[in-house]
Amino acid sequence: RHDEKGSGFIQTLTDVFIHKKGSILELTEEITRLMANTEVMQEGKPRKVNPEVQSTLRKKLYLQ
Amino acid sequence: MESEMSDPQPLQEERYDMSGARLALTLCVTKAREGSEVDMEALERMFRYLKFESTMKRDPTAQQFLEELDEFQQTIDNWEEPVSCAFVVLMAHGEEGLLKGEDEKMVRLEDLFEVLNNKNCKALRGKPKVYIIQACRGEHRDPGEELRGNEELGGDEELGGDEVAVLKNNPQSIPTYTDTLHIYSTVEGYLSY
């Protein structure tokens, strides 16, 4: 986590859930896509981090 | 066999009814986790925007993770109006299947997930339960893999809101584990028929 900006995962997730429209699975795809396009530096080395979604939802879930 | 070759039919879209109450619980270990307060603020903003009744607890011990979830389950089951949906956010250090409480003891994620399942939380039976887990699941580090010319990532797109806390786009690499859908025939620990 960045001391002042927080974690890439939570910051991306909250931004997408607030600013994008779609079912929650579509939004999580968007979060994965955005995180795939970015990287974090750890001890001077670039690192990739991406979420994993496991779903047993039976219907579309829309939060907006 | 011709009928088996007929055109695929569009899926019938069914939505969860979201007209009832939305409840959220965030449990966050802030100890030795710099930046976690900023994450909690972002979550609070999101829950307010999405009209969730949000409860946030800082620095739970391993036992308190379970106790807070139990209390949340009782709150949901005793809620006066119908409940549509629950979010649970768990933020701590962790290992695969485990979270580390403020007391350095571990709690099993499986035990936490059990509290709100369809058997144990009647008000949420058949209703969506969303878990967001911000925790390590092991020690591996992913340096990414280089893309060839025709395996492009999406273009740069700015989000409408707050800046994310990661470096800007790097189109030369992609995480090792994307573009895969895991479909299991049954949930962990259960037989598949």
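Scope of the values below: all heavy atoms of this structure, side chains included, with no hydrogens, waters or symmetry mates. The sequence lines fix the lettering, A, B, ..., with proteins before strands; numbering per chain opens at 1. Model, not experiment: these values are computed from the prediction.
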ask   = For chain A, which residues of residues 115-126 of chain B have at least one non-hydrogen atom nearer than 4.5 Å to it?
value = B:G126
Engaged part of B:M40 at the chain A interface, taking heavy atoms whose separation is under 4.5 Å = neither
request  = Please report the closest heavy-atom contact between B:E102 and B:D59, naming both atoms and the distance.
outcome  = CB-O, 3.5 Å
inquiry  = B:T26 vs B:K57, test: side chain to side chain contact (heavy atoms under 4.5 Å, CB included). Steps then yes/no.
reply    = CA-CA 6 Å; B:T26 300; B:K57 303 275 180 173; over 6 Å; no
task = Using the rule that two of Ile, Leu, Val, Met, Phe, Trp, Tyr join whenever any of their side-chain heavy atoms come within less than 4.5 Å, decide whether A:I31 and B:Y49 are in one cluster.
result = yes
query = Side chain, backbone, both or neither: which part of B:F52 has an atom under 4.5 Å from a heavy atom of chain A?
reply = side chain
inquiry  = I'd like to verify something: which residue of B:R141, B:M18, B:R137 has the highest number of heavy-atom pairs under 4.5 Å with chain A?
reply    = B:R141
query = Does B:V83 offer a backbone N or O that forms a donor-acceptor pair with the side chain of B:K127 under 3.5 Å?
reply = yes
ask   = Have A:T32 and A:N50 got a donor and an acceptor in their side chains that come within less than 3.5 Å?
value = no
query = Within a reach of under 6.0 Å around NZ of B:K105, are more than 12 heavy atoms found that belong to other residues, nucleotides or ligands?
reply = no
request  = Measure distances from B:I132 to the heavy atoms of chain A and classify the residue's part below 4.5 Å as side chain, backbone, both or neither.
outcome  = side chain
ask   = Can a salt bridge be assigned to the pair B:E37 and B:R58 using a cut-off of 4.0 Å between side-chain N and carboxylate O?
value = yes
query = Given that the side chain runs from C-beta out, which part of A:E29 has a heavy atom under 4.5 Å from chain B: side chain, backbone, both or neither?
reply = neither
ask   = Residues in ring pair (Phe, Tyr, Trp, His ring centres under 6.0 Å) with B:Y16, at least two apart?
value = none
